[in-house]
Amino acid sequence: MKISNRVKVVLIGGIFLLVIIAVFIFNTPKTFYGNDEKSIIKAIHSIPGYEKDSISILAINDVDDSRVVGLLVDESPGYAQFTRNKKGNYKWHFIEVRRGESFSTFLPDMTDKVKRSMMIVTNDKNEIAKMEVRVNGELIQQTFNPKIAKVTWIELPESIGGHRFDDYKYYGKDGELLEG
């Protein structure tokens with residue numbers, strides 16, 4: 001049975017098209033969304049530099065289309081931020097981790113509709129039981145349970161033009177002033 005030139009061209013064209021489609025499918029990076037704890041961990045592991053890190057999710061805070069996740073990366077405090085797209089999936093767009101710390105403060109950019117808040121992430125090596133800080137001249141105090149991995153939110157006073165943070169003080173469980 002002899003195959004015509006036209007059939008050969010169609011077969012070769014079809015095979016070529018299948019190869020192009022296969023290359024496109026297998027070379028397109030997979031997008032992981034932060035829709036739940038398991039997918040948040042997959043999304044973070046897809047970020048260059050975080051592929052093999054141990055990830056512990058401590059808290060998930062959703063406001064409007066923003067999701068802020070307090071976490072530990074290899075026991076270091078951090079947070080990841082996701083934004084909900086039109087399909088309702090949370091796409092990763094920011095991560096910050098403070099390697100080697102046990103107590104870290106962050107100022108995630110959530111939304112203009114809520115008051116600005118400070119996020120504090122601690123791990124189980126944290127010795128700080130109380131923090132004081134002046135924010136635009138107003139004294140803010142917050143207590144913590146030492147030796148517990150946790151996320152704490154502190155609502156900041158209203159401000160026009162940003163917040164100024166001064167005079168951080170940290171205290172241990174017996175009330176002693178800590179260095180740092």
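- Closest non-hydrogen pair, S46 versus F32, comes out as CB-CD1, 3.7 Å.
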(request) Could you check V68 against W153 for side-chain contact (heavy atoms from CB on, under 4.5 Å), going step by step and ending with a plain yes or no? (result) CA-CA 11 Å; V68 175; W153 288 92; 4.0 Å; yes
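- Taking the six-membered ring for Trp and the full ring otherwise, the centers of F82 and Y33 sit at least 6.0 Å from each other.
- Expressed to the nearest 0.5 Å, how far CD1 of I41 lies from CG of L71 amounts to 9.0 Å.
- Cluster membership check: I128 does not share its hydrophobic cluster with L177, using side-chain heavy-atom separations under 4.5 Å among Ile, Leu, Val, Met, Phe, Trp and Tyr.
- To the nearest 0.5 angstrom, K91 atom NZ is 9.5 Å from T83 atom OG1.
- How far CD1 of I40 is from CD1 of I57: 5.0 Å, rounded to the nearest 0.5 Å.
- Of all heavy-atom pairs between M118 and Y168, the closest is CE-OH, 3.8 Å.
- In this structure, V151 and L58 approach most closely via the heavy-atom pair CG2-CB, 3.7 Å.
- The structure places CD1 of I120 at 3.5 Å from CE of M131, a figure rounded to the nearest 0.5 Å.
- N35 places a side-chain N or O within 3.5 Å of a backbone atom of Y90 that can act as its donor or acceptor partner.
- With R98 contributing its side chain and F106 its backbone, the two residues share no donor-acceptor pair below 3.5 Å.
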(message) Set out, in order, the CA-CA distance, both residues' side-chain angles and the distance that settles side-chain contact (heavy atoms from CB on, under 4.5 Å) for V97 and Y50, then state yes or no.
(response) CA-CA 10 Å; V97 177; Y50 294 89; 3.8 Å; yes
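- Here NZ of K169 is found 10.0 Å from CD of Q141. Values are rounded to the nearest 0.5 Å.
- With a 4.5 Å cut-off on side-chain heavy atoms, W92 and V69 do not count as touching.
- Checking side-chain atoms of H45 against main-chain N and O of D53 turns up a donor-acceptor pair under 3.5 Å.
- Although no hydrogens or angles enter the test, the distance criterion places no donor-acceptor pair under 3.5 Å between the side chain of H163 and the main chain of S117.
- Contact record, V121 with G78: CG2-O, 3.7 Å, taken as the closest heavy-atom pair.
- Counting heavy atoms of neighbouring residues, nucleotides and ligands inside a 6.0 Å radius, atom CD of E51 exceeds 12 of them.
- Residue pairs meeting the ring-ring contact (aromatic ring centres under 6.0 Å, His included) criterion with at least one member in residues 126-145, sequence neighbours excluded, are F103-F144.
- Both Y170 and I154 sit in one connected hydrophobic cluster of ILVMFWY residues. Membership requires side-chain heavy atoms under 4.5 Å apart, directly or through other members.
- In this structure, I55 CD1 and I44 CD1 are separated by 5.0 Å, a value rounded to the nearest 0.5 Å.
- A salt bridge links E127 with K147: the closest approach of a Lys/Arg side-chain nitrogen to an acidic carboxylate oxygen falls below 4.0 angstrom.
- At a threshold of 4.5 Å between non-hydrogen side-chain atoms, the residues N126 and K150 do not count as touching.
- In the hydrophobic clustering of this structure, F165 does not group with Y171; members are Ile, Leu, Val, Met, Phe, Trp, Tyr whose side-chain heavy atoms approach within less than 4.5 Å, directly or through other members.
- Here the shortest heavy-atom pairing between A129 and P146 reads CB-CG, 3.8 Å.
- Salt-bridge formation is detected for the pair D65/R84: a Lys NZ or Arg NE/NH1/NH2 atom is positioned less than 4.0 Å from an Asp or Glu carboxylate oxygen.
- Side-chain contact between L107 and L156 is present, with heavy atoms from C-beta onward closer than 4.5 Å.
- Looking only at distances, no side-chain donor or acceptor of D167 sits under 3.5 Å from a matching main-chain atom of V133.
- Panel note: side chain T143, backbone K130; no donor-acceptor pair is recorded below 3.5 Å.
- Here the shortest heavy-atom pairing between P77 and E101 reads CD-O, 3.0 Å.
- In this structure, the side chain of E75 does not engage the main chain of N123 through any donor-acceptor pair within 3.5 Å.
- With a 4.5 Å cut-off on side-chain heavy atoms, R99 and V73 count as touching.
- Of the possible polar contacts, none joining the D174 side chain to the E176 backbone as a donor-acceptor pair under 3.5 Å is found.
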